[in-house]
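Notes to accompany the following structure.
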There are 2 protein chains.
Amino acid sequence: MIRLLLADDEVLIRGAMAALLDLEADICVVGEAADGETAVALAGRVRPDVAVLDLEMPPGDGIAAAEQLTIPVVLVTRHARPGVLRRALGAGVRGFVPKTTPASALAEIIRQVHGGRRYVDQDFAAYALSEQPCPLSPRERDVLRATRQGKPIKEIAAATHLAPGTVRNYLSTAIAKLAVNDRHAAARAAWEQGWI
Amino acid sequence: MIRLLLADDEVLIRGAMAALLDLEADICVVGEAADGETAVALAGRVRPDVAVLDLEMPPGDGIAAAEQLTIPVVLVTRHARPGVLRRALGAGVRGFVPKTTPASALAEIIRQVHGGRRYVDQDFAAYALSEQPCPLSPRERDVLRATRQGKPIKEIAAATHLAPGTVRNYLSTAIAKLAVNDRHAAARAAWEQGWI
DNA sequence: CGAAGCTGATGACATTTGTCAGTACCGGAC
DNA sequence: GTCCGGTACTGACAAATGTCATCAGCTTCG
């Protein structure tokens, strides 16, 4: 019997998944959480064999939670972004599937992961293989992350403890590297690639 | 027996919802679709009594599909945006619930809607009551929509058949009305309010 | 009818932003 | 040891952007 921990911020979906997976003869859901921190705390108490986490769970994402868990983790996500798969695998995630996966297939993936194997959705894998390595330096990613919140340069400078001119330089190089016209487009492009 | 049509672009969720709702004694799922257009086409063939649609289904949204359906519609959404509820009710939608609703509650809502009543989630309703009427003129909304795609002003002008100066004026008034610092923030704010 | 509001435009102006050149320090690779 | 890349800053310049005043035609509402 595989003891399963489920985490997703949407009750409708989490409940539905729990009900369906519980129907499988060899799987039982022993815990449910609405965010990553709760999931980690719960895992300490209920000792599940496998965790299924949603990638998008404010606050913080599923990768952060996966890093803190020692058990095999399957990440479920709505929209694929190439770089995210790489980060997820780096965090020790063993399964990576889109929400377009039927529940029966998910059960089979859980069994595989529990058996020590890995599973990555084919489309995601192809996507990731075509992926470029991130050309951005850590600081460039920092300012792009701040840009994504819609902040003006002065605020970005304050938030990152940099001079405004320095921020503009980083943004300028990032804009050039990403071949776009302004920092907003750069932030969007970097996000879509999963780089920030 | 209530004949139900389900539409959601995520198979995992749609399948799980279908399975759970089918367990209800008086509900049977007679059709599933992954987007609004398919849902409308399918409704013409299978003649459901009630449709449950996801609000976010590219291409087009659930409201567009709801407008074309003559049967009672329940919209399910991930994140509430105040203005969207108003638009949905204007389109004749009878139920409006977040994805944080348990499936059992959703079944009860489907029964209510089938019985001719309306159901709107309490939080959404409170949100909508606190809502400001949209202060933006149609043209202001146009340029904000274009801004949201990340276009520079010249392209917005070309796309809307306006002079660049005029576009800047509309953006300026929109920025002032929304009390933000630039057009990107304005576009984001307007979107979060459900105005564009 | 007049007032008000939306539309569409122009020109002037200040600010913000993106670009570029140049400087400096640090750490790792060859 | 030198070169390279990342970090951090400054100053200068041009382009994009936001603001404001002003105009005119049009519709709608009181």
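Since the model is a prediction, treat every value here as computed from it, not as a measurement.
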Does [X] have any side-chain hydrogen bond (donor to acceptor under 3.5 Å, both in side chains) partners at least two apart in sequence or in another chain, and if so, which?
X	answer
Gln112(A)	none
Arg183(B)	none
Asp49(B)	none

Residues in ring-ring contact (aromatic ring centres under 6.0 Å, His included) contact with Phe124(A), at least two apart in sequence or another chain
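Phe124(A): ring-ring contact (aromatic ring centres under 6.0 Å, His included) contacts with Phe96(A).
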According to ring-ring contact (aromatic ring centres under 6.0 Å, His included), who are the partners of His114(B), at least two apart in sequence or on a separate chain?
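With neighbours one apart ignored, the set is empty.
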What one-letter contact string describes nucleotides 12-30 of chain C from 5' to 3', where B marks a base within less than 4.0 Å of any protein heavy atom, S marks contact via sugar-phosphate atoms alone, and - marks no contact?
B----BBBBB---------
Collect all protein-nucleotide pairs involving nucleotides 5-7 of chain C in which both atoms are nitrogen or oxygen and the distance is under 3.5 Å.
residue : atom : partner   : partner atom : Å
dT7(C)  : OP1  : Arg139(B) : N            : 3.4
dT7(C)  : OP2  : Ser137(B) : OG           : 2.5

For a quick test of your reading: what N or O donor-acceptor pairs under 3.5 Å do the side chains of residues 15-23 of chain A make, sequence neighbours left out?
residue  : atom : partner  : partner atom : Å
Asp22(A) : OD1  : Val29(A) : N            : 3.1

When the C1' atoms of the five terminal pairs at each end define the local axes, what inter-axis angle does the helix from dC1(C)-dG30(D) to dC30(C)-dG1(D) show, to 10 degrees?
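Taking the rotation axis at each end, their angle is 30°.
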Within residues 15-38 of chain A or reaching into it, pairs that qualify as ring-ring contact (aromatic ring centres under 6.0 Å, His included) - sequence neighbours excluded:
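Non-adjacent pairs meeting ring-ring contact (aromatic ring centres under 6.0 Å, His included): zero.
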Donor-acceptor pairs under 3.5 angstrom involving side-chain atoms of residues 151-172 of chain B: please list them, not counting sequence neighbours.
residue   : atom : partner   : partner atom : Å
Thr160(B) : OG1  : Ile156(B) : O            : 2.6

Which residues share a side-chain contact (heavy atoms from CB on, under 4.5 Å) with Ala39(B), sequence neighbours left out
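Only Leu5(B), Ala7(B), Ala33(B), Leu53(B) meet the side-chain contact (heavy atoms from CB on, under 4.5 Å) criterion with Ala39(B).
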Minimum heavy-atom distance between Asp182(A) and Gly150(B), given as atom pair plus value:
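Closest heavy-atom pair between Asp182(A) and Gly150(B): OD2-O, 4.5 Å.
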Quick one: His161(B) NE2 to dA9(C) P, roughly how many Å, whole number?
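Rounding to the nearest Å, NE2 of His161(B) and P of dA9(C) are 11 Å apart.
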